[in-house]
Structure formats: C-alpha cells, structure tokens
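A short worksheet on the structure shown next.
In the text below, chain A, chain B and the rest are named by the order of the sequence lines, each starting its count at 1.
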Protein chains: 2
Amino acid sequence: MTKNSNHVQSVIRALEIIEFLNEKKEQGVTQIGEALDLDKSTVHRLVNTLRYKGYVNQNPVTQKYLNSYKLFEMGTIEIDRLGLIRRANPYLEHLASRTRETVNLAILDGPRAMYVEKIESTEVIKADIGVGRSYPAYATSLGKAMLAYTPREKVIRLFEKEGFTKFTPDTIGSLDELLAELKIIHRRGYAVDDQEFIPGLACIAAPIRMGSGDAVAALSISYPRYRYKSGGKEELSMVELLLEAAKRLSAEFGYEGGVND
Amino acid sequence: MTKNSNHVQSVIRALEIIEFLNEKKEQGVTQIGEALDLDKSTVHRLVNTLRYKGYVNQNPVTQKYLNSYKLFEMGTIEIDRLGLIRRANPYLEHLASRTRETVNLAILDGPRAMYVEKIESTEVIKADIGVGRSYPAYATSLGKAMLAYTPREKVIRLFEKEGFTKFTPDTIGSLDELLAELKIIHRRGYAVDDQEFIPGLACIAAPIRMGSGDAVAALSISYPRYRYKSGGKEELSMVELLLEAAKRLSAEFGYEGGVND
DNA sequence: ATACATGTTTCATTATGTGAAACGCAATAA
DNA sequence: TTATTGCGTTTCACATAATGAAACATGTAT
C-alpha cells in the first residue's frame, strides 16, 4: 500500500484485526494472521493488547478471539452526544402511530447516511433497514435530504472521489445529477426515493436543521411502493406530517425557520 | 504501570486516545497529549492513523479531533450477531403494551449488565436507563437474573477481584451475599431489584436461556416503587407476564424447558 | 503412537515509533 | 506594522519497542 510514514503500523494492524473480527466472528490467531498476512505471533501480541484494553474477548473453550461489546458501548455514547435520539423519539413515535409505516432517523457519516434509530411499521409487509448500518447518501432519501442542506462545496468534496453505484435503474449516477437533484430538494423541502436504492421500496425524507441552516440529521418514512400511488393524495399527506415533525425538531436544534438559503 | 512486554505500546496509546475522545468530545493534539502524557507529535501521528482508518475525524474549522460514528456502526454489528434484538422485539412490545411500564433487554458484558434495547413507559413518571450503558450486574435485576443462570465458578471468577459498591443500603455487598441471592433467584425463576441500585426504582427480571440452560440475556420491567406494592397482586401479575415472555424467547434460543439445573 | 493442528513464549534483529526541536500559520497584542 | 503566543504539523537522529522465525505446549485426529 501507500507507505505513508506518519501512520503507525501496529495501530493499523490492530484496527484491522478488530474490523476482521467484526466481519467474521470468532477467529483464531492463525486464521487472522492468514487473512491479514501477519505472523501469528504478531497477531497474538496485538490481540492480547486488545484484550487487555477490553475490546476483544477470548472464548475459553475454543481459545479463539471475538470482539467485545465495548465498541457498542462507546459508539452509543458518540451518538448520544447530540441528544439526537432522545429528542427525536417523540416525533418518531408520532409519525409511526399516524402513518403505521416504518420511520427512520439518520445522520450523515461522511458520504453515507447512517441509520441511528427507527420505529418499525405495524404492517406485515414493511420496510426494515438495520439501525447502525449506513448506505450511500446519494441513493437514499435520508441522505439526499441531508445533502440538500449541506454546503455545496462540502458535497462536492465528499463525492468527487466516490464512485456512483447503480443499485437500480433510477439510482443517481453522477455528481452532476446529484447536484441537480439536491437543488430541487432544497426548493421543495423534502427528498423522495422512488425505488432508487431497493426495488419496490419508496421513502420520503426531510432534514432536521440546526442554527446555521445546515442539516444535522434527517427523518424519513419508508414503505413498499405498491401501497401508495407516487405523488398521490396519501403520500402527500404523509409528506405533510413529515415536514411538520422535521420543522419542530429543527426548532429544537436552533433553526429559526424562514431563512431559505 | 505494569510493563507487560507482550502488549503493544502504540496500540494501547491509540485506544486510549479513542477512549479519551469518547469522554470529552473535540480535543486538540496538545490537549490529548497533556491528558495522556504524550508528546504532541506522537499524538498527532496516532490520531492521523486513526483518521486514516476512519475512527476519528478532524473538525475542519477548529482543527480539533473527534470520534467518528464508526464505533457505533461496528458495535451494532456485534450486537446483531445473535439476532437478539430482532427476536426479542415482539416480546418487548407485548410486555410494554400490557404493563405500560419501561421494559429492557440486557446482555452480560463481563461483570456488568449492558442494556441493549428498551421500550419506554408511556407513563409520565417512568424508569429510563440508557441503551448502550452498562451497570454492575450484582446491583440490577437484569444482572442478577443472568448470573443466576451462569455457572457458579464463572460468577466467582467474575467477581472475586471486583469490589462491591453500595449504591443504596440494600445493594448486595459481597460475593457470598450475591451467591446466596442467586440461589434463591434460580429456584424462583426471576430476580427482583427493590431499590438496590437507584432509590425509588424497582425492577423484575427473568433470564433468556439457551440450549445449555445458561442465560444469553435477560428481560426486565422497571417502574417507580411507589406505583405498586412490593410483592403485591399487580407486581405478581407482571411477573407472570415476564416469565411467560422469557420462557417463549428461551425456546427460540434452543432452551427446552423442564431441566432445572 | 504419530502427525498435525492449534495458541503461546522466547529472543535476536532492526524496522519502526518516538519526542525534541523547528516550522508554518492564525489570532491577538502592542 | 511587528512581536507574541498558541496551535497543528513536519522533520529527523536515536534507541526503543515491535517484529517474525523458531521452539514450545497442548490438544485432536489419524
């Protein structure tokens, strides 16, 4: 790889072990060593260090290693920092009870939209995207809603090196196309994903804005496309509910409406 | 500290930086260096490595460093592994709607009970413990419920080096006391916390057991003590609901009832 | 019994991480 | 303007601290 001299080798290796254990689950030092091309004694030393710090446990019967829940514990503290979930929860509940569909809350994590909370639909057929997962922002309504209220230069910086994957025929395929769409979303106030990420899945999303006018997060409602006509009366009334919730939440985060830049 | 030679210094330092940023939030290299007694150039190199791997971001305006959400993302994958939350959710919902109190799901993380999911009470006065946080197992009903279905030797190993903190007058204060209580819980099938952790807070908890009979997790209902008489009819009927839910969930995890060891 | 897995420990070698000092830049003060 | 202070960053000579081959310990399967 790039031999950037101001990166610490052993730290990179240790993090790669954590990531590897996060993908697989229990792995032995030999297996880890083979996968990451390290001597097993090196792996053993690194893994021991991780265990000492509480990030990894050893299964006493198989002797293999697995990640602890420390990551989860620390991760939730990061998310809590904004008080986002706590503050958003009442609105999520309200939207869920009114629409009976799945509602989601996401933040922007670099060029990806990360789902941090959801309430599942009570319907049998429903949208279900896992909390803690993240997906390319350009392919989801949540992502687009946030990007539409993010400075243009930052959006360009985020995506100029990224490739655009066509998940479905309607997925946005280039930076220019994205920027054009963001302009429309900004004017309209909400974003729509009509099977741009997963065939059959539709979503509407609105930004939660802070004092500066930029988005801190976004709210969405997602449902199977067949249930409502695109742009129909039912869908538009859900948009109304969504916009109202987003507006109120934005107020809690210091956004004083009006301004439309 | 202990100069254990099979720990990798730079990895320990890097992890301590992550932990430090997790407590504080945005910190500069100088501040980090002062707190951890490292030269700022060393901190800079480590932090750069963490950024390269996506664990840390730099605030472009203040130039300070903060943790990314990668920890959260990875942490949730670990929790998902068992499918615990997904499987437990319908039971949590059922308990919540029947009791109107806060219901919780926890796993054992070493000697601590870690809350991984909850549904909040609809009451104005309610118990609310944060998801992702962990507390000493001996002081909570969830923890005790799990420990009661954990091999005795393992319990001893977990607590022989731990101190027992008296959070309230009724908190369990020694290993012997804990072992005696676990015996009772095992016989009865559920655990009770009557203001042993937080004054005014009461909980009942039951274990979710797997094929071996040991606990994988536990379910609880928590509420302000004043709302129900201890051991009264209302509380006992909640115990019934809880035991029923725990029994069914245990079946999903391969526990074939009957066996009482 | 034998061979072959595994994880662990040892230890000589030097690559690799270290911190003092210099640097560049921005904000503030004189 | 010209110092001054404070910050993150870069450089570099030095030696510490991380490395991997090999030996070891233990268990499992042949």
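Checking each of V8(A), L46(A), I12(A) against V11(B) for a side chain to side chain contact (heavy atoms under 4.5 Å, CB included) leaves exactly one that passes, namely L46(A). L50(A) pairs in a side chain to side chain contact (heavy atoms under 4.5 Å, CB included) with only one of the listed residues (V56(A), L21(A), L15(A)), which is V56(A).
Look at CD on Q63(A): it is 10 Å from P on dT9(C), rounded to the nearest Å. Atoms NE2 (H7(B)) and C1' (dT8(C)) sit 13 Å apart, rounded to a whole Å. The CD-P distance, from E34(B) to dG8(D), rounds to 10 Å in whole Å. As a whole-Å value, the separation of N48(B) CG from dG19(C) C1' is 16 Å. Rounded to an integer number of Å, the gap from OH of Y52(B) to P of dG17(C) is 13 Å. If you measure from atom CD1 of I17(A) to atom P of dA18(D), you get 14 Å, rounded to the nearest angstrom. In this entry the distance linking CG of L38(B) with C1' of dT18(C) reads 10 Å, nearest Å. Rounded to whole angstrom, the span from the CG atom of L46(B) across to the P atom of dT16(C) amounts to 16 Å.
Checked against the 6.0 Å centroid threshold, Y135(A) and F167(A) do not count as a close aromatic pair.
Nearest approach of N57(A) to S68(A), heavy atoms of both residues: OD1-CB, 3.4 Å.
Look at Q9(A) and you'll find a side-chain N or O under 4.0 angstrom from OP1 or OP2 of dT19(D). For dT6(C), the OP1/OP2 oxygens have no side-chain nitrogen or oxygen of Y65(A) closer than 4.0 Å.
One finds no salt bridge joining K40(B) and E34(B) here, because no Lys/Arg side-chain nitrogen approaches an Asp/Glu carboxylate oxygen to under 4.0 Å. We find that K70(B) and E19(A) are joined by a salt bridge, their nearest charged nitrogen and carboxylate oxygen being less than 4.0 Å apart.
A cation-pi contact, defined as under 6.0 Å to the ring centre and within 45° of the axis, links R209(A) to Y255(A).
Between H186(B) and Y149(B), the ring-plane angle classifies as parallel under the 30° and 60° cut-offs.
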Where do N or O atoms of nucleotides 26-30 of chain D meet protein N or O atoms at under 3.5 Å, pair by pair?
none

Check: protein-nucleotides 20-24 of chain C nitrogen or oxygen pairs below 3.5 Å:
unit_1, atom_1, unit_2, atom_2, d
dA20(C), OP2, D39(B), OD2, 3.1
dA20(C), N6, S41(B), OG, 3.0

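The side chain of R13(B) lies closest to dG19(C), out of dA18(D), dT9(D), dG19(C). If you check dT10(D), dT18(C), dT16(C) against the side chain of H44(B), the one that comes closest is dT10(D). Comparing dG8(D), dG7(C), dT18(C) against the side chain of Q58(B) picks out dG8(D) as the nearest.
Summary of the strand contacts: Q31(A) and S10(A) both lie near DNA chain C, and taking for each the nucleotide with the nearest heavy atom, the more 5' one is attributed to Q31(A). Comparing K64(A) and V11(A) by the nucleotide of DNA chain C whose heavy atom lies nearest to each, the residue mapping closer to the 5' end is K64(A).
Taking K118(B) as the reference, E120(B), D128(B) meet the salt bridge (charged side-chain N to carboxylate O under 4.0 Å, His left out) condition, with sequence neighbours excluded.
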**OP:** Begin with the C-alpha distance, continue with both residues' side-chain angles, and end with the deciding distance and a verdict on side-chain contact (heavy atoms from CB on, under 4.5 Å) for E117(B) and N89(B).
**Re:** CA-CA 8 Å; E117(B) 185 68 318; N89(B) 242 316; 3.6 Å; yes

